[in-house]
Amino acid sequence: MRSRTAMWFECKIRYEKVTEDGLQKKVNENYVVDALSFSEAETRITEEMSSYISGEFEVADIKKAAYKEVFFTDDNIADKWYKAKLQFITIDEKTEKEKRSTVNYLVQAGSMNGAMKNIDEVMGGTMIDYVVSSVAETTLMDVYEYGKKNDKPEYEQQ
């Protein structure tokens with residue numbers, strides 16, 4: 001497991017895809033890219049998608065992601081992305097009251113249980129108390145980090 005803090009953008013790509021029965025169908029797919037601005041996010045997602053999509057496609061939407069950190073795993077069955085909401089618990093020294101601050105993360109895993117395991121693996125190394133308040137599967141297809149280029153097709157990766 002590794003984590004990466006960056007400015008993340010969610011990008012929606014719209015294109016025509018040939019289905020298994022040979023018909024053409026318009027689809028929308030969501031991706032996440034690491035970028036410094038909206039224009040850089042558009043450029044990066046266009047570059048990434050042009051190697052996977054034959055024909056025309058459009059970047060239908062770009063928005064800043066609600067998370068700043070992404071947890072990646074090298075597990076081959078981890079093909080889904082989960083949005084996790086964690087609450088960090090601190091004690092105010094003056095009032096001695098419990099204070100909770102909420103932070104969102106994106107977690108790569110193969111299942112809901114795998115996502116929880118990955119969260120505990122990364123957060124277990126920290127000293128701060130936390131509670132996982134929610135974990136939900138997303139519709140994200142993939143996450144592209146800055147400087148990480150995969151030249152091999154997915155089926156050739158080990």
Side-chain angles (χ1 to χ4, degrees), residues 1-20 22-88 101-123 125-126 130 132-158:
M1 283 298 310
R2 65 185 173 81
S3 66
R4 170 100 185 244
T5 303
M7 188 177 303
W8 299 98
F9 290 86
E10 292 183 1
C11 303
K12 183 181 288 187
I13 303 298
R14 183 176 295 136
Y15 67 100
E16 283 194 14
K17 182 178 188 175
V18 178
T19 59
E20 290 177 7
L23 298 174
Q24 292 232 334
K25 179 182 176 185
K26 271 217 184 265
V27 294
N28 291 313
E29 293 181 345
N30 296 313
Y31 295 88
V32 171
V33 294
D34 170 8
L36 296 174
S37 66
F38 285 92
S39 57
E40 183 185 357
E42 183 175 17
T43 301
R44 295 226 31 247
I45 196 63
T46 302
E47 287 172 2
E48 293 287 350
M49 292 295 100
S50 61
S51 60
Y52 295 109
I53 299 173
S54 61
E56 291 185 24
F57 66 91
E58 75 172 297
V59 180
D61 187 30
I62 299 176
K63 62 183 177 185
K64 275 190 177 181
Y67 37 83
K68 296 280 187 221
E69 194 166 355
V70 177
F71 298 164
F72 293 93
T73 183
D74 293 326
D75 192 354
N76 288 337
I77 62 166
D79 59 347
K80 297 177 186 159
W81 293 94
Y82 294 85
K83 185 175 178 182
K85 189 179 288 189
L86 277 64
Q87 291 183 338
F88 294 107
S101 55
T102 303
V103 179
N104 294 315
Y105 294 95
L106 189 62
V107 182
Q108 184 181 20
S111 66
M112 187 75 71
N113 288 339
M116 290 296 294
K117 183 179 134 296
N118 291 347
I119 291 166
D120 289 338
E121 185 178 326
V122 172
M123 298 307 297
T126 64
Y130 68 95
V132 178
S133 58
S134 73
V135 176
E137 187 175 342
T138 69
T139 60
L140 296 173
M141 300 300 286
D142 210 348
V143 174
Y144 296 105
E145 293 179 82
Y146 185 78
K148 288 268 185 180
K149 260 284 204 212
N150 235 337
D151 294 333
K152 292 183 183 178
E154 194 172 290
Y155 63 88
E156 290 181 6
Q157 297 173 18
Q158 300 255 338

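Predicted, not measured: the structure shown is a model, and the values here were computed from it.
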**Asked** Does the side-chain contact (heavy atoms from CB on, under 4.5 Å) test come out yes or no for Y15 and M49, once each step is laid out?
**Response** CA-CA 10 Å; Y15 67 100; M49 292 295 100; over 6 Å; no
**Message:** Before you tell me yes or no, could you show the steps for V143 and L106 under side-chain contact (heavy atoms from CB on, under 4.5 Å), namely the whole-Å CA-CA distance, both residues' side-chain angles and the distance that decides it to 0.1 Å?
**Reply:** CA-CA 10 Å; V143 174; L106 189 62; 3.8 Å; yes
**Message:** Please report the interatomic distance CZ(R14) to CG(N28), rounded to the nearest 0.5 Å.
**Reply:** 4.5 Å
**Asked** In terms of heavy-atom contacts, does NZ of K25 have more than 12 from other residues, nucleotides or ligands at under 6.0 Å?
**Response** no
**Prompt:** How long is the gap from CG on D79 to CE on M141, to the nearest 0.5 Å?
**Reply:** 9.5 Å
**Prompt:** More than 12 foreign heavy atoms under 6.0 Å from CD of E56: is that the case here?
**Reply:** no
**Message:** Check the orientation of W8 and F72. Use parallel for under 30°, tilted for 30 to 60°, and perpendicular for over 60°.
**Reply:** tilted
**Prompt:** So do R44 and Y146 actually touch side chain to side chain, heavy atoms under 4.5 Å?
**Reply:** yes
**Asked** Roughly how far, to the nearest 0.5 Å, is CZ of F9 from CD of E42?
**Response** 11.5 Å
**Message:** What verdict does the side-chain contact (heavy atoms from CB on, under 4.5 Å) test give for Y67 and V32, after you've listed the backbone C-alpha separation in whole Å, the side-chain angles of each residue and the deciding distance to 0.1 Å?
**Reply:** CA-CA 11 Å; Y67 37 83; V32 171; 3.2 Å; yes
**Prompt:** Checking side-chain contact (heavy atoms from CB on, under 4.5 Å) for the pair I45/V59: CA distance, chi angles, key distance, verdict?
**Reply:** CA-CA 8 Å; I45 196 63; V59 180; 3.8 Å; yes
**Request:** Could you grab the distance from atom CE of M7 to atom CG of D34, nearest 0.5 Å is fine?
**Result:** 9.5 Å
**Prompt:** Just how far is it from atom NZ of K83 to atom OG of S134, taken to the nearest 0.5 Å?
**Reply:** 8.0 Å
**Fill in**
So CG of N104 and CD of E69: to nearest 0.5 Å the spacing works out to 12.0 Å
**Message:** Determine whether a donor-acceptor pair (N or O, by modelled atom type, separation under 3.5 Å) exists between the side chain of S133 and the backbone of Q87.
**Reply:** no
**Message:** Do T46 and F57 have side chains that approach each other closer than 4.5 Å (heavy atoms only, starting at C-beta)?
**Reply:** yes
Please table the atom pairs, donor to acceptor, closer than 3.5 Å between any side-chain atom in residues 112-123 and protein atoms at least two apart or in another chain.
from	atom 1	to	atom 2	distance (Å)
N118	ND2	Q108	O	2.8
N118	ND2	G114	O	3.4
D120	OD1	Y130	OH	2.8

**Request:** Considering non-hydrogen atoms only, spot the tightest contact between W81 and L140 and give its length.
**Result:** CD1-O, 3.8 Å
